[in-house]
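Scroll down for the structure; my scribbles are underneath it.
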There are 2 protein chains.
Amino acid sequence: MSKPTLSKIAATLGLSVATVSKALKDYPDISFATKKKVKELAEKLNYTPNSYAQSLRNQESKIIGLIIPEIVHHFFANIILGVVKAAEKEGYLVITLQSDEKYEVEKKQIELLLNKNVDGILISLADNTVDHKHVKHIKDSGVPVVLYDKISKLINCHKIVIDDEKAAFDATKHLIESGCKKVAHIRGPLKPQTTIDRFKGYKRALKHFNIEFDNNLVFETKNLSFKDGKEIADDIYRNHKDIDGVFAMTDLLATGALVRLQELGLSIPEDISIIGFSNWFLTKITTPRLSTVNQPGYEMGEAAFKMLLEEIDDHKNNRNVIYETVEIPTKVIIRDSTLKH
Amino acid sequence: MSKPTLSKIAATLGLSVATVSKALKDYPDISFATKKKVKELAEKLNYTPNSYAQSLRNQESKIIGLIIPEIVHHFFANIILGVVKAAEKEGYLVITLQSDEKYEVEKKQIELLLNKNVDGILISLADNTVDHKHVKHIKDSGVPVVLYDKISKLINCHKIVIDDEKAAFDATKHLIESGCKKVAHIRGPLKPQTTIDRFKGYKRALKHFNIEFDNNLVFETKNLSFKDGKEIADDIYRNHKDIDGVFAMTDLLATGALVRLQELGLSIPEDISIIGFSNWFLTKITTPRLSTVNQPGYEMGEAAFKMLLEEIDDHKNNRNVIYETVEIPTKVIIRDSTLKH
DNA sequence: CTGAAAGCGCTAACAC
DNA sequence: GTGTTAGCGCTTTCAG
C-alpha cells in the first residue's frame, strides 16, 4: 500500500519516468495515447507527486510562515483566518507561530521558518521589538516578507496597515457630531505606534471642531484591561462629572467603562456616550451594545497574503519590486452606546 | 549570498560531502580535528541543512496538519495555541486549516495535507460529518491521525476529549447544591454528540438528587447564539416563573439569558441562577460575572499533539499502537451568577 | 578515520 | 514522441 511514484507507473507501463512526468503535465510533445494511458493509471493508483521531491527540485514549498503576537485574540484570529483562506485559494499552506509579543521569540521563530525554507513570511512585530536585524535577515536570505498591523517604518518591505489616526479621528468625530461637548480619551501605554496614532486622531478631531485639547481628559492605562476600564470610569465619575463622551482605545476598556458607569447609575448614551475600537465580538453583547470602530482583520490577512504572493512571483521572475504600504479602510460602527445624529 | 550546502563546505575544506555531513552530526568515526574545522566553517557560513533534501531523504517533514472547525473562536483558538506551542517544543511546525464545520471542506483539506506529506494530522470533526471515509483514508495512507474534541466512536485512533456528560453533571449539581429547586436546561440542536452528552449529564444530576425530569424545562435552540439565549429568557419569564436555575450549554446562550432576564427585572443570582459552559473570555465581563465550566482548550491541544507525536514515533519504529481516548478534566468555575453554598 | 556511491522522487535540457 | 541524463542536497552503507 506504499505511495505510487513516477517510476512505478513508468515501470508498469513500460515507459520512462520522464515520459510519465511529462504526460501528467500535458507536455505537447507526448502522444495523446500515452497521455491517456498514463493518466488513467495514475488516477487508478491515486498518484500524487511527492511534495518533498518537488520542493527540492523546484526550490519552493508552497508553504508560507505566519508569525502572530497572540493567537487567542479576536482581531489576530481573524487575520489568521484571512491569511489561511487566501493562501488555500492559491494552493499555499500556512504555518502559524505565536511570538507572545516578545522580540526574542520572534527572532527564534524567524529562524525556524527560514530553516524550513518557507516561500515567504508574514509578520506583525511584537510591541517590544525595536531592533530589526531579524527581519533584515529574512530579506537577506532572499525570502519575501510582508509586515502587517504592527509595522516599522524603518523596514523596507510591503506593509498592510490600518490608518489608526484616521480611525480614531472618525470615532471622535462621531462623538462630537452626535452632541458630545466634553470628550475624554482612554489610551494605552506610551510605546506602541497604534496608541500614539489613535491619540493623535483624537486630538486632530478636537482641533477640527475647534475644541480645546485638555490633557486632564486623557486617561492612561497600563494593561488595556477590562478592570482598567472600570477604574477609569470611577475616576471619571468622581472627578470629571462634565465628561459626556468617551473614546476608548480598545473595546475592552470601553466595555469596562460602560459597565462601571452604569453601575454608578449613569445612563448610556444619554448621560455619557462611549465608543470603543476593534469591533470585537463582545461589543455585540454588551448592554447597550457598544459603538466601535471596525478593525478588519480578515481583510488585512487576505491582503497581506496577496501582497506576499505577488512578491513571491516577482522574486521568482527576477522582477524588482517597489515596496508599497496598503491601508485597509476602517469604519465607525454606530450601535447603542452613542447618540444618533 | 546563496545558501551554503554541504558540498560547498566540503569543497572549501577539501573534504567529502559525507565526511562533512557526519562531522556535523557528531558521528563517532570522525576525528576531533575534522569535526572542529567543519563546525567552525559551518558556523561561520551560517549553514543550515536544506529541509527539502532532508525531508526527501528521511521521509519526514517535521510538519503536522491541524484541521479546526473555526479559527475565530475562543475555545478552538486555545487549541491551536496548545498544539502550536507543544509542537514547537518538539521541533515540529503546524499547518492550520479551517473546515468551516463542513464535511466537504474537511475532506479536501485532508487531501491537501496528505499531498504535502505531513507527518501527522490532528482533526476535530465537523458537526455535519457523518461518513468517515476521509479519516480512514488518512490511516490507510500510513499517516498518524488523532481526533480531538469532536470525535467519532466509529473511528479507531487516538482521541482527546472532555467528558461532557460529567461536566454537565457537575454544573447542574452545583446549581442544585446551591439551592435551586427548578433547574432548566438550554440545549442546542439534536445532532452533535456534545449536545447530547451535556443533556445527559443534566438529566443524571437531576436523578442523582431525586428530582423528577421535566421536559418542559428543556429549551432547544437552533444556533447557540446570544439572541437565542435572550429569546429563551423571554419564554422562561413569561411561561415558567418558577424556574430558579438555568444550565445553558454554552456561555453565549447563558449570557443572552442573563442579560435579558435582568432587563426584565430579575436579580441574578437571587431570583434565578445561571451557569454557562466553556469559560469563554466574555464570562469575566458580564454583570454579574458568569459561572461556567472550564473547557481546557490549551491543554487539549497540548495533549493532542503529544499523542500524535507518540504515534509518529511508534509508527517510525514499527511498534503497533493501542489506541487510547484521553479525557482532559473540566472544572466548574463559580463566579457571581450562581449562589454560593 | 575518510570517501565513494547509491538513492530519496521529481524535473527539464537535450539527444535520439 | 520518447528516453537518457544530470542534478536538487542530504544520509548512510560499505569499502578502503
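All chains are named by letter (A, B, ...) in the order of the sequence lines, taking the proteins before the strands, and each is independently numbered beginning at 1.
At the heavy-atom level, Asp29(A) lies under 4.0 Å from base atoms of the strands shown. Contacts of Phe32(B) with the nucleic acid, taken as non-hydrogen atoms under 4.0 Å apart, are absent. Nucleic acid contact for Ser31(A): sugar-phosphate only, since backbone atoms but no base atoms lie under 4.0 Å from a heavy atom of the residue. Counting non-hydrogen atoms under 4.0 angstrom, Ser55(B) reaches nothing in the nucleic acid. The residue Lys25(B) sits close only to the backbone: its heavy atoms come under 4.0 Å of sugar-phosphate atoms, none of a base. Within 4.0 Å (heavy atoms only), Thr5(B) reaches sugar-phosphate atoms of the nucleic acid but no base atom.
Crowding of Lys108(A) atom NZ: a count of heavy atoms from other residues, nucleotides or ligands under 6.0 Å not exceeding 12.
Rounding to whole angstrom units, CG of residue Leu56(A) and P of dG9(C) are separated by 12 Å. One can place OH of Tyr52(A) at 16 Å from P of dT11(C), the figure rounded to the nearest angstrom. Nucleotide dG3(C) holds its C1' atom 14 Å from the OH atom of Tyr27(B), rounded to whole Å. Per the geometry, NZ belonging to Lys35(B) stands 9 Å off P belonging to dC1(C), to the nearest Å. Rounding to whole angstrom units, CG of residue Asp26(A) and P of dT11(C) are separated by 14 Å. What separates NZ of Lys22(A) from P of dA12(C) is a distance of 10 Å, to the nearest Å. In this structure, the CG atom of Leu24(A) is 15 Å from the C1' atom of dA12(C), given to the nearest Å. Remark: C1' of dG9(C) and CZ of Arg57(B) are 13 Å apart, rounded to the nearest angstrom.
The footprint of chain A on DNA chain D, defined by a heavy-atom cutoff below 4.0 Å, extends from dG1(D) to dG9(D).
Taking the six-membered ring where the residue is Trp, His73(A) and Phe76(A) present tilted rings, their angle falling between 30° and 60°.
Distances shorter than 4.0 Å separate some side-chain N or O of Gln54(A) from OP1 or OP2 on dT11(C). An OP1 or OP2 oxygen of dA12(C) is reached within less than 4.0 angstrom by no side-chain nitrogen or oxygen of Ser21(A).
Each of Ala18(A) and Val17(B) lies near DNA chain C, and the nucleotide nearest Val17(B) is the one positioned closer to the 5' end. Nearer to the 5' terminus of DNA chain C, by closest-nucleotide assignment, is the contact made by Thr34(B) (compared with the other of Thr48(A) and Thr34(B)).
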Discussion item. Show, in sequence, the C-alpha distance, side-chain angles and deciding distance for Asp131(B) and Tyr103(B), and conclude whether the side chain to side chain donor-acceptor pair (under 3.5 Å) test is met.
Written reply: CA-CA 9 Å; Asp131(B) 144 30; Tyr103(B) 171 71; 2.5 Å; yes
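The pair Glu101(B)-Lys150(B) counts as a salt bridge, with a side-chain nitrogen and a carboxylate oxygen less than 4.0 angstrom apart. With respect to Asp119(B) and Lys62(B), no salt bridge is recorded, no charged nitrogen being found less than 4.0 Å from a carboxylate O. Taking a cutoff of 4.0 Å between a charged side-chain nitrogen and a carboxylate oxygen, Glu60(B) and Lys316(B) qualify as a salt bridge.
In summary, the side chains of Lys3(B) and Thr48(B) do present a donor paired with an acceptor at a separation below 3.5 Å, with no hydrogens or angles considered.
The CG atom of Leu81(A) sits 7.5 Å away from the CG atom of Asp100(B) when rounded to the nearest 0.5 Å.
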